[in-house]
Protein chains: 2
Amino acid sequence: MPNRSLALPQQECADCPIRHRAVCARCETDELEHLESIKYYRKYEAGQTVVWAGDKMDFVASVVEGVASLTQTMEDGRRQMVGLLLPSDFMGRPNREAAPYDVVASTDILLCCFRRSPFLQLIEETPHISQRLLEMTLDELDAAREWMLLLGRKTAREKIASLLSIIARRDASLKNLPSTGEVAFDLPLTREAMADYLGLTLETVSRQMSALKKDGVIRLEGKRHISIPDFDLLLDETGDDTDGGVLE
Amino acid sequence: MPNRSLALPQQECADCPIRHRAVCARCETDELEHLESIKYYRKYEAGQTVVWAGDKMDFVASVVEGVASLTQTMEDGRRQMVGLLLPSDFMGRPNREAAPYDVVASTDILLCCFRRSPFLQLIEETPHISQRLLEMTLDELDAAREWMLLLGRKTAREKIASLLSIIARRDASLKNLPSTGEVAFDLPLTREAMADYLGLTLETVSRQMSALKKDGVIRLEGKRHISIPDFDLLLDETGDDTDGGVLE
DNA sequence: AGCGAGTATTGATCTCGATCAATTACAGGC
DNA sequence: GCCTGTAATTGATCGAGATCAATACTCGCT
């Protein structure tokens, strides 16, 4: 597979890698044409802040490529990631001017953007979009709630295993690969960002990564490339229910 | 089983205490009439389970009175509350058959219910409802994210103070009272439920409640009635931005 | 009254992850 | 090659909250 080139900022919706997962998933060809006419692309490099908490956000967007994070910071500097946006995820709140959290590019990212007011209008006129947005928001709420279980009750080791399995699964699903047996992917997060996600310190993250490696659950090639010899082995470490995989 | 032994209230939407906060908030009189014709009430006693995780949930509902909780349980018994439903909050997912979490009545509750399929139809036909539902879901997502910060980064004392201030605020807003100065309310949760909310043990909850009492931040009258001599004092203990820029 | 079950408080001790600190790995610039 | 700065690992110690355990409070019951 040729890897993501961030160089082409204007593509057809029809060829878009997130065409069938993003807010536009349900749109018909004529609706797509309308979207096509008002969308525009933006790129950010890893580490760049897309919006600061409290600032006015004059657009909404879908993540096309790369990973972005939503982070809350307390006055004394304690930080907690509260959202991880992978390709096809939506950013921005239609009805709210100010961004409630810092939005930061974890890797280089490509966004498909819409200025807010045309998008608001679009929502009114296009039930396919507002329905999909509701559905995505409900999914995000579910994800947030699973995350709450992780933050409140899981051990450090379980937290790491859970994060790795979430990323592995989303990555596999994006590439239309099964997430069973051997799986490999690039970690889009630094150890510090992982710590912010998991409510841990970066030292604890590092220690637990080493422990999982020693135990043969994961293999590290460089700092960022992870390979998992047996995905089920990783799942056993997450503390989650393995049986009765409840699908809708 | 819902308790049907007592006469269930059958009230007019117009007189409903949550008329202007629930999913129906934006509805016009004619839309209300339609709702009126298909709604029905259910009551549950404190401690009763409304739905078990994984079970089919054939209705959606608004909480009219009382408090309900959404809880996730791990195989080994670790439990985390992931949602706290106060009056006007909505329960159930339009597009999903199975309930993802246990729904339990924390106090006696009164629900305003709709069978799922008529409600789905209603959403399609009534943009005022689906818009409001999206808005409420986004608010819930915001609340979940603040909760994530609490779970991941706050100390036990800050967690308790945060929970008390959340309940105090919602309670005051429901009664149209200001949440400043002296505030008093009934705790709708046991110490154990508080622990499940906060990702703590019930012993730690009890100790921190005693500490806050000793420090004069709260007063306890019985186990459940809380009074707060100075709400700002409580807010200082939550670790949150006070925005007024009071201290350092 | 006395009993029992559920709920809450308080004490003693232990442990997991935080904190403080030193070292290593690695990429980019010259 | 050699700096320099950031990311990551590893070690030593500490402490907040968990765990184990005993005791009190409350309400309904006979």
Exercise for review: Would you list the pairs meeting side-chain hydrogen bond (donor to acceptor under 3.5 Å, both in side chains) in which at least one residue belongs to residues 177-193 of chain A, sequence neighbours left out?
Suggested key: Asp186(A)-His225(A)
Review point. Counting only non-hydrogen atoms, which of residues 184-201 of chain B are less than 4.0 Å from DNA chain D?
Key: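 Gly199(B), Leu200(B), Thr201(B), in order of number.
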Point to revise | Whole-Å gap separating C1' (dA7(D)) and CE (Met209(A)) | key: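 Rounded to whole Å, this separation is 13 Å.
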Review point. Base, sugar-phosphate, or nothing: which does Arg224(B) touch, judged by heavy atoms less than 4.0 Å apart?
Key: sugar-phosphate
Check your understanding: ring pair (Phe, Tyr, Trp, His ring centres under 6.0 Å) with Tyr101(B): which residues, sequence neighbours excluded?
Key ->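 Not a single residue meets the ring pair (Phe, Tyr, Trp, His ring centres under 6.0 Å) criterion with Tyr101(B).
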Practice item. For Phe90(B), enumerate each residue passing the ring pair (Phe, Tyr, Trp, His ring centres under 6.0 Å) test, keeping only those at least two apart in sequence or located in another chain. Key: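 Ring pair (Phe, Tyr, Trp, His ring centres under 6.0 Å) list for Phe90(B), sorted by chain: Phe119(B).
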Can you name the residues that form a side-chain hydrogen bond (donor to acceptor under 3.5 Å, both in side chains) with [X], not counting sequence neighbours?
X	value
Arg224(A)	none
Arg79(B)	Asp196(B)
Ser162(A)	Lys154(A)

I'd like to check the salt bridge (charged side-chain N to carboxylate O under 4.0 Å, His left out) partners of [X]; sequence neighbours left out, ordered by chain and number.
X	answer
Arg93(A)	Asp139(B), Asp142(B)
Glu158(A)	Arg78(B)
Lys214(A)	none

Point to revise | Base dC20(D) to side chain Glu203(B), donor-acceptor N/O within 3.5 Å cut-off | key: yes
Using atom names, set out every protein N or O paired with an N or O of nucleotides 12-14 of chain C below 3.5 Å, distance rounded to 0.1 Å.
unit_1	atom_1	unit_2	atom_2	d
dA12(C)	N6	Arg207(B)	NH2	3.4

Point to revise | Out of dG17(C), dA8(C), dG17(D), whichever nucleotide has its closest atom nearest the side chain of Ser206(B) | key: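 Comparing dG17(C), dA8(C), dG17(D) against the side chain of Ser206(B), the answer is dA8(C).
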Review point. What string of B, S and - do you get for nucleotides 23-29 of chain D, 5' to 3', when a contact is any protein heavy atom under 4.0 Å?
Key: -------
